[in-house]
There are 2 protein chains.
Amino acid sequence: MEAERTKQKPCPVKVTVDLISGKWKPNILYCLLDRTQRFGELQRQIPGISRRILTLQLRELERDQLIIRMAYSEPIKVEYALTEYGRSLVPILLTMRDWGEVYLARHEQQPVFMS
Amino acid sequence: MEAERTKQKPCPVKVTVDLISGKWKPNILYCLLDRTQRFGELQRQIPGISRRILTLQLRELERDQLIIRMAYSEPIKVEYALTEYGRSLVPILLTMRDWGEVYLARHEQQPVFMS
DNA sequence: CAGGATCCGGCGAGATACTG
DNA sequence: CAGTATCTCGCCGGATCCTG
């Protein structure tokens, strides 16, 4: 271990992108932007995702400290929310959301190219 | 075609993330943030990437209109730069770069968890 | 110098079935 | 309700060699 003294530091943009990429992570983070959500709610709001994959993606986000899992026994349920650390990504997520909406508006009428 | 009237609109965050994710796209965009770069320069600045993969990633970014390819014959060379459209992503990229640098500073000393 | 052509392997994601 | 256990597959990315 500790080899490669010439180890050059990773690209900071890549570091950030890697944490939020993954097939369904953007959707999950988008859903958690404004409120805490239950497992089932997330699954319903993300059409096409299976419980298994949703679980895996949530586990990774949790491992990276971006979200937190809260299990309750009273009414049996599990809730997910952004952590304080995850909240530091909110500005980025909001900007990406806005950018993406412009992108979608631009592409929904024009099938391929823009005017 | 034109099926599914109940087609619900894609997650705008995912749309944006998808355009800039891909194994090496964050690195490429990071390199093109402040200046135009030649193919060889990009390859040298992104250790570990092969010419083939670099080409493929560049082609995708070009197809998505985020970068432009400029080939010259005089001194034979090819330059890549962000398009005007790609420049609209700069604020996001800069914020991600800053966030990533904080992340790296936080993780370089502490192998696993923070204090 | 900046690619294209081929071949190949791994890993993330999906389908399905079972459970505390 | 919110998972876990298997099995499977496609495709993205990598290695290597060739070229205008």
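Throughout, protein chains are lettered first and strands after them, A, B, ... in sequence-line order, and every chain is numbered starting at 1.
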Integer-rounded Å distance: [N] [atom2] and [X] [atom1]:
| X | N | atom1 | atom2 | result |
| --- | --- | --- | --- | --- |
| B/Asp18 | D/dC11 | CG | P | 16 Å |
| B/Glu62 | C/dA2 | CD | P | 15 Å |
| A/Tyr72 | D/dG3 | OH | P | 13 Å |
| A/Phe39 | D/dA2 | CZ | P | 7 Å |
| B/Gln37 | C/dC1 | CD | C1' | 16 Å |
| B/Arg59 | C/dA5 | CZ | C1' | 14 Å |
| A/Leu54 | C/dA15 | CG | C1' | 16 Å |
| A/Leu58 | D/dT4 | CG | P | 10 Å |

Listing, residues 11-20 of chain A side-chain donor-acceptor contacts under 3.5 Å, not counting sequence neighbours, or none:
from: A/Lys14; atom 1: NZ; to: A/Asp18; atom 2: OD1; distance (Å): 3.3
from: A/Lys14; atom 1: NZ; to: A/Asp18; atom 2: OD2; distance (Å): 3.2
from: A/Lys14; atom 1: NZ; to: B/Lys23; atom 2: O; distance (Å): 3.0
from: A/Thr16; atom 1: OG1; to: A/Pro12; atom 2: O; distance (Å): 3.2
from: A/Thr16; atom 1: OG1; to: B/Met96; atom 2: O; distance (Å): 2.8
from: A/Thr16; atom 1: OG1; to: B/Gly100; atom 2: N; distance (Å): 3.3

Checklist outcome for this item: Its contact letters, B for base, S for sugar-phosphate only and - for none at protein heavy atoms under 4.0 Å, make nucleotides 13-20 of chain D read BBB----B
Checklist entry - Side chain of A/Gln57, backbone of A/Lys25: donor and acceptor closer than 3.5 Å? => result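 Present.
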Checklist entry - Is a side-chain donor or acceptor of B/Thr83 paired with a backbone partner of B/Gln65 at a separation under 3.5 angstrom? => result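 Yes, because the side chain of B/Thr83 sits within donor-acceptor range (under 3.5 Å) of the backbone of B/Gln65.
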Checklist entry - Can you say whether the rings of A/Tyr80 and A/Phe39 are parallel (under 30°), tilted (30 to 60°) or perpendicular (over 60°)? => result tilted
Checklist entry - B/Tyr80 near the nucleic acid: base, sugar-phosphate alone, or nothing, with a heavy-atom cut-off under 4.0 Å? => result sugar-phosphate
Checklist outcome for this item: Of D/dA2, C/dG3, D/dT4, the nucleotide closest to the side chain of A/Arg69 is D/dA2
Item to check | Taking every non-hydrogen atom, the tightest pair across A/Gly22 and A/Pro26 | outcome: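 That closest heavy-atom pairing would be O-CD, 3.3 Å.
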Checklist entry - With sequence neighbours left out, what residues match A/Glu41 under side-chain contact (heavy atoms from CB on, under 4.5 Å)? => result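 With sequence neighbours excluded, A/Glu41 shows a side-chain contact (heavy atoms from CB on, under 4.5 Å) to A/Arg35, A/Gln37, A/Arg38, A/Arg44, A/Gln45, given in chain and number order.
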Checklist entry - OP1 or OP2 of C/dC1 sitting under 4.0 Å from any side-chain N/O of B/Arg38? => result no
